[in-house]
2 protein chains.
Amino acid sequence: MRITISDIAQYAGVSKATVSAVLNERPGISVQTRERVLEIIQKLNYQPSHVARSLSNRETKSIGLLIKEIDNPYFAKIMKGVFDKCSELGYTVLLGSSELDPAQEKKSLEALLRQQVDGLILSPLQNEEIDLGYLYELKLKNYPFVTLGSVVHFQTNVVEVENKKAAVSAVSYLIHAGHKRIAYFAGPSYSANSKDRLAGFRQAFHENAIPAPEDLIFNTGSYIADGYRMGRELFALPGTKPSAVFCYNDLVAIGLMNALAELKIQVPADVSVIGFDDIDFCRSMQVPLTTIRVPAYKLGEKAAELLIAQIGARDESKNRKVILPAQLIERKSVAPLGRDGSGSEFVG
Amino acid sequence: MRITISDIAQYAGVSKATVSAVLNERPGISVQTRERVLEIIQKLNYQPSHVARSLSNRETKSIGLLIKEIDNPYFAKIMKGVFDKCSELGYTVLLGSSELDPAQEKKSLEALLRQQVDGLILSPLQNEEIDLGYLYELKLKNYPFVTLGSVVHFQTNVVEVENKKAAVSAVSYLIHAGHKRIAYFAGPSYSANSKDRLAGFRQAFHENAIPAPEDLIFNTGSYIADGYRMGRELFALPGTKPSAVFCYNDLVAIGLMNALAELKIQVPADVSVIGFDDIDFCRSMQVPLTTIRVPAYKLGEKAAELLIAQIGARDESKNRKVILPAQLIERKSVAPLGRDGSGSEFVG
DNA sequence: AATCATTCCTTAATCGGTTACCAAATTTAA
DNA sequence: TTAAATTTGGTAACCGATTAAGGAATGATT
């Protein structure tokens, strides 16, 4: 049988209330009894029941983290940031993942809510067909949550990266290298990130007074396999091909580069490629990938911080927005148009 | 305010016990009252408090998963397996990670226990200096847990991969390709996996009646950076170098290959490399990595299954051991000694 | 000496469920 | 017709903590 607060009270010859007061360092307990109680707690190795406490306090000291893909290095970094910050602040993390499936997202969310987490960090799937009503409900109930990336037509606490600006810098970089036929391998239609990056893609052309190549925008996905498939499809066809591809993320870029390798198309001599995220493997690739570095770990940390602050101040749910900078990392996968890129002085 | 079972009871004009019986589908309730209660539950959108239930039932329907590294693709796959199986069986997953630090491992474990998870899936750090007393304690308390990989001098429920056998096959493969000076880039001293793989390394030589090159066994680590560092160190020195390296895992192999590239040493022409795990990136590398495929997802699934079965049958904690097969995946990073490997017919 | 504050601790209700045990109503058996 | 069995539902204790309210000492105040 588990040792309870009653046991401690009995052994120490005091009431449960006194033990509770000692445990919670409340005033009004004499030094002697405090020490006696503490001694007994030590001796019996007593651990207060977190469940009982949760019931009484109406808080579980846990948060739910609902991501899109568990085995995606980008989310792994976020998880780590969330996890570290939560540990530091005394919270536990319950894991959920949609695996890009709206039905599973719903299920996971419900499971998290059922466990009565004190708050949520969400990375909602988004497209035209997905009902975001649950976000409204959460907000209506004043349930603390923050989203990773903003949600269309919705004000909340958000932590995100400056997607559009970063996309502009990536695409401008390609344009300044002489590229005009630049493709965008967009992420899943679910993704607000992808939309923002697309906006940046277009703006870069706009800023350079070139019409954006709308025919080169493809909905792709977020996995290696997606980039591969689209790469095979696009570059196997006859006709004018793009001289550069801006990819939704590094995984897609990796897939694309695998496809290009199979088709004997050289990167960066024939086609330049630029990614997004800067996952660890970028620098270990055949051609080290030029990409946008996203501070994913920090993103996770900030999200956890913001959420826990919100949990603390239950009343005001002011919509805070934290935007973290992203940075172009120049490696070897981009070359000026028409040259072989060997003259590049960029180092990753 | 939250809707409680008392509210439902009141509205339905019955007692809490009756509502509870309906909720838990216990017999002894007439069809009429059952339906009336269910209707009210529907109407008020009542959700039983999981916390209260946990307190009463002494189970939280959650398990703790304590891994070594969150942002390691191998563990990501395991997590996914655990997560999926747990969702299926109605359990939630609380996440913990040691990040290879024994102190943090202890902290994470305590956090998980404090949350009163019903069981644990552990991937314990192991070396001579680490005190595994906590495992004894858990077992003594009859606390359900299973370990990922076996623990030295300790019988428990284990899910693991046939490390030794797989290592034998990898090293034999190198030996049959003519290699004799084969190095082993061992994982962290913490790892039982690494020890088992080392045993396989030695046995392969034994089976081929060649003395194992003990001078070529290096404690390395488990990250890309570790493989890189050791690669630079070993191959920058003068003297006889190994013609092949068997790496503790793919990350180390990637790091090593980065180092070799910098040193203008060709893989596989000059040095053959073989990894372990078969993470997604192996096939996307400069030289696609020959490696051992570990069914990490299945490992996670099995661990969750085993654990939850154990939680169900509280009494018997028979030490079950599930060993999953691993398989050599031949790609491009190994060549016969003295040739350039272009004659290889192996395809990944 | 009576009154008032302080200090320190206890009592008992509460959080939201589960369940052993009991009791009323109805059916069945004798 | 009455006792016994069955069906159905209620009562109250319990899980293990927290906390508001109250009360017994002790010392201070007049």
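Bear in mind that the values here come from a model prediction, so they are computed numbers and not experimental data. Per chain, numbering begins at 1; letters A, B, ... match sequence-line order.
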B/T4 (side chain) and C/dG16 (base): donor-acceptor pair under 3.5 Å: no

Tell me which nucleotide among C/dT18, C/dG17, D/dG16 gets nearest to the side chain of B/Y46. C/dG17

Going by atom types alone, do A/R320 and A/T156 pair a side-chain donor with an acceptor below 3.5 Å? no

B/N57 has a side chain; which of C/dT18, C/dG16, D/dT19 sits nearest to it? C/dT18

Phosphate OP1/OP2 of D/dG10: any B/S15 side-chain N/O under 4.0 Å: yes

Expressed as a whole number of angstroms, how long is the span from B/E25:CD to D/dT8:C1'? 18 Å

Using heavy-atom distances to pick each residue's nearest nucleotide on DNA chain C, tell me which of A/R34 and B/V51 is more 5'. A/R34

Counting only side-chain nitrogens and oxygens, does B/S20 get under 4.0 Å of the OP1 or OP2 atom of C/dT18? yes

Tell me the interatomic distance from A/R26, atom CZ, to C/dT7, atom C1', rounded to whole angstroms. 16 Å

Which whole-number value in Å describes the distance from B/I5 CD1 to C/dT14 P? 17 Å

Check: A/Y297/B/D71 side-chain N/O donor and acceptor closer than 3.5 Å: no

May I ask you to say what A/V19 touches in the nucleic acid, namely base, sugar-phosphate or nothing, with a heavy-atom cut-off under 4.0 Å? nothing

Counting the atoms with a prime plus P, OP1 and OP2 as sugar-phosphate, which does B/Q47 contact under 4.0 Å by heavy atoms, base, sugar-phosphate, or nothing? sugar-phosphate

Kindly indicate whether a cation-pi arrangement holds for A/K139 with A/F154, taking the cut-offs as under 6.0 Å to the six-membered ring centre and within 45° of the axis. yes

What is the distance, to the nearest angstrom, from the CG atom on B/N24 to the C1' atom on C/dG16? 13 Å

NA contact type, A/I29, heavy-atom cut-off 4.0 Å: base, sugar-phosphate, or nothing? sugar-phosphate

Describe the nucleic acid contact of B/S6 in one word from base, sugar-phosphate, nothing, applying a heavy-atom distance below 4.0 Å. nothing

Check the side chains of B/S123 and B/K68 for a donor-acceptor pair under 3.5 angstrom, ignoring hydrogens and angles. yes

Rounding to a whole Å, what distance do you find between A/R58:CZ and C/dT14:C1'? 8 Å

Which one, C/dG17, D/dT18, C/dT11, comes nearest to the side chain of A/A17? C/dT11

Phosphate oxygens OP1/OP2 of C/dG16: is one of them under 4.0 Å from a side-chain N or O of B/R53? no

Report the distance from atom CG of A/L55 to atom C1' of D/dC14, rounded to the nearest whole Å. 12 Å

May I ask you to evaluate whether A/T18 reaches the phosphate of C/dC8, defined as a side-chain N or O under 4.0 Å from OP1 or OP2? no

Do the side-chain N and O atoms of B/R26 and B/S20 include a donor-acceptor pair separated by under 3.5 angstrom? yes

Closest to the A/K16 side chain: C/dT10, C/dA13, C/dT18? C/dA13

Modelled atom types, side-chain donor and acceptor of B/Q104 and B/D101, under 3.5 Å: no

Separation of D/dG16 atom P from A/I8 atom CD1, nearest Å, is 13 Å

Under 4.0 Å between any heavy atoms, over every strand shown, what does B/S54 touch: base, sugar-phosphate, or nothing? Just pick one. nothing

What is the separation between atom CD on A/E59 and atom P on D/dG16, rounded to the nearest whole Å? 20 Å

For C/dC8, take OP1 and OP2 only and decide whether either is under 4.0 Å from a side-chain N or O of A/S30. no

Counting only side-chain nitrogens and oxygens, does B/R2 get under 4.0 Å of the OP1 or OP2 atom of C/dG16? no

